[in-house]
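Structure record follows, encoded as structure tokens.
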Amino acid sequence: MSGAAPARPRVLLLLPTTTYRASDFIHAGSRLGIATVVGSDRKQALADVAPAHTLTLDLGRAEEAAAQIAGFAERWPLQAVIPTDDQTAVVAALASARLGLPHNPPEAARAARHKDRLRATLCAAGVRTPRYRLLPLEADPIVEADGQTYPCVLKPTFLAASRGVIRADTPREFTAAFHRIAALFALPEVAEKAAEAYRGVLVEEFVPGAEVAVEGLLAGGRLRVLAIFDKPDPLDGPFFEETIYVTPSRHEVATREAITEATGAAARALGLREGPIHAELRVGTAGPWVIELAARSIGGLCSRVLRFGTGRSLEELILMQALGRDLEGLEREPGPAGVMMIPIPRAGILREAGGLDRARQVPGIVEVTISAAMGKPLVPLPEGSSYLGFIFARGETPDETEAALREAHRRLAFVIETG
Ligand code: ADP
Ligand code: CA
């Protein structure tokens, strides 16, 4: 085989089996004429017949996975390695470093993944972020609750999608939340993820205020903000269910600039340089607080709310950026857009999802997708990590877009059988 790059660039997509992101990334690859290889944590059906297209990796062991990717690339050269969540961000950074591709410093990706390290890094850099302390799982919550100031938020050090994030207003709530998070760590699937993480509970001051999310792309350390989303549902706890995202943000220009500024400062503090970032901030009276900064793109199916230039997807932009292509002129399509992650209202078995047609008839509604499987158990927050589905809307104004999402959601009827 010659050492020259193939005419069709080959890109490795790191797609954990539980991800929602697979089809959007694979589709983006085919639209761009890229050969995509799916790197996943379970052997795929076509692995033996199409060895150049799939790669089974232990994504929980980043160093080993990166070594395996490097081995694969000797045979089938790779032009980019694309992460899709916090865990694969570390794998992608390590693998890209081995392959000599532009990448985030692996330590930066690790710091973004571990909430305790994120906080420590932001505090040290003077970026406004909640005060925090880290408790080992063996700590006595009754003792710790005593010295705590309230309200506070307890959370596991490394999960996502608000899983295990719990507000406490009293010592009693603190103790209950601590036990609930400790129980989460005991779940096999969480324990597996915790292999490289600090098994502890992060306790933070509760920061009040409106929340926003920022979607951005880093290239050579420069941040380009692709969208700022308002999260109009109050996120005051005790659990922090994500629901509606609407862009453009309705905050005034100065606030939006401060949000962009704080996000950029957080990325610099971590040392992130390349690829997608997703941040969450709370807008306080003195300015924005950085709640989270992740070295990945937005989760779930939410990216479908974004379109760039003449109809390019976020995944296409991510792939293009990774391949060093020109993103000039690829601004977000003008016009407000929004998505609702349909929360799981209670535990049970999903038997029926009704009202879809009626929901789709709401003016401005673009798509209603039910992603939860019929007949399967639903787990609500704080233990769960999935949604019933997604509603997408476009409108003349952000307010109208938000109203359409709420009306469509109101028209949906879920039959959940409780045991
Ligand atoms: P995850 O990575 O699971 O999404 P986050 O740390 O982003 O965890 O927390 C999830 C949500 O919980 C945030 O989007 C925010 O609404 C709320 N939250 C988390 N920490 C705080 C805090 N210190 N103060 C106020 N709200 C918080
Ligand atoms: Ca978050």
Side-chain angles (χ1 to χ4, degrees), residues 80-86 88-90 92-93 96-97 101-113 115 117-119 121-129 211-231 245 247-249 251-283 287-299 302-303 305-309 312-333:
V81 180
I82 308 289
T84 55
D85 68 354
D86 302 299
T88 52
V90 180
S96 299
L101 301 169
H103 63 279
N104 283 321
E107 274 318 293
R110 280 208 180 92
R113 183 174 176 225
K115 295 178 196 299
R117 292 182 56 185
L118 172 70
R119 286 281 175 268
T121 308
L122 296 182
C123 284
V127 177
R128 199 185 286 114
T129 201
E211 192 159 313
V212 295
V214 178
E215 199 64 20
L217 261 184
L218 289 164
R222 276 184 62 87
L223 173 67
R224 175 171 160 199
V225 169
L226 300 174
I228 300 178
F229 291 95
D230 287 339
K231 297 167 112 179
Y245 272 51
T247 193
S249 168
H251 286 289
E252 55 188 60
V253 179
T255 306
R256 296 202 306 267
E257 283 172 2
I259 290 166
T260 298
E261 190 59 41
T263 306
R268 279 194 301 280
L270 281 165
L272 292 173
R273 299 184 53 79
E274 300 290 340
I277 58 151
H278 179 81
E280 272 139 15
L281 300 92
R282 288 236 162 175
V283 181
W289 296 69
V290 177
I291 301 290
E292 190 181 23
L293 180 73
R296 57 160 171 87
S297 49
I298 192 168
C302 297
S303 69
V305 80
L306 299 172
R307 282 282 172 271
F308 302 90
R312 291 232 182 259
S313 66
L314 175 63
E315 292 75 16
E316 285 174 72
L317 259 64
I318 291 170
L319 291 173
M320 289 169 75
Q321 192 261 336
L323 292 171
R325 294 191 188 168
D326 190 8
L327 300 183
E328 192 66 36
L330 288 175
E331 300 304 321
R332 194 182 79 77
E333 272 179 2

Can you see which heavy atom on Ala80 is nearest to which on Ala322, and at what distance? CB-CB, 3.8 Å

So Leu218 and Arg273, do their side chains get closer than 4.5 Å, heavy atoms only? no

Where Ala111 and Thr121 come nearest, the two heavy atoms and their spacing: CB-OG1, 4.3 Å

Could you check Leu226 against Phe308 for side chain to side chain contact (heavy atoms under 4.5 Å, CB included), going step by step and ending with a plain yes or no? CA-CA 9 Å; Leu226 300 174; Phe308 302 90; 3.9 Å; yes

Value rounded to 0.5 Å, distance of CG in Leu327 from CE in Met320: 5.5 Å

Run the salt-bridge test on Arg325 and Glu316 with the 4.0 Å N-O cut-off and return the result as yes or no. no

Atom pair CZ/CG of Arg224 and Leu330 - distance to nearest 0.5 Å: 6.5 Å

Main-chain N/O of Ser249 paired with Asp230 side-chain donor or acceptor, under 3.5 Å: no

Glu333 and Arg307 ion-paired at < 4.0 Å: no

Chi angles and distances behind the side chain to side chain contact (heavy atoms under 4.5 Å, CB included) call for Glu257, Val253: CA-CA 6 Å; Glu257 283 172 2; Val253 179; 3.4 Å; yes

Just how far is it from atom CD1 of Ile291 to atom CZ of Arg282, taken to the nearest 0.5 Å? 6.0 Å

Could you tell me the separation between the OG atom of Ser297 and the CG atom of Leu306, rounded to the nearest 0.5 Å? 10.0 Å

side-chain contact (heavy atoms from CB on, under 4.5 Å) partner of Thr263, chosen from Val225, Val212, Ile277: Ile277

Passing option when Asp86 is tested against Arg113, Arg296, His278 for side-chain hydrogen bond (donor to acceptor under 3.5 Å, both in side chains): Arg296

Taking all non-hydrogen atoms of both residues, which atom of Ala295 and which atom of Ala112 are closest, and how far apart? N-CB, 4.3 Å

Closest non-hydrogen atom pair, Val290 against Ala262: CG2-O, 4.0 Å

Taken to the nearest 0.5 Å, the spacing of Glu215 CD from Ile318 CD1 works out to 7.0 Å

Minimum heavy-atom distance between Leu272 and Ala109, given as atom pair plus value: CD2-N, 4.0 Å

OG1 on Thr129 to CH2 on Trp289, rounded to 0.5 Å: 8.0 Å

Evaluate Thr255 against Glu252 for side chain to side chain contact (heavy atoms under 4.5 Å, CB included), listing each step before the verdict. CA-CA 5 Å; Thr255 306; Glu252 55 188 60; 3.4 Å; yes

All heavy atoms of Ala227 vs all of Arg332, minimum pair found to be CB-CD, 4.2 Å

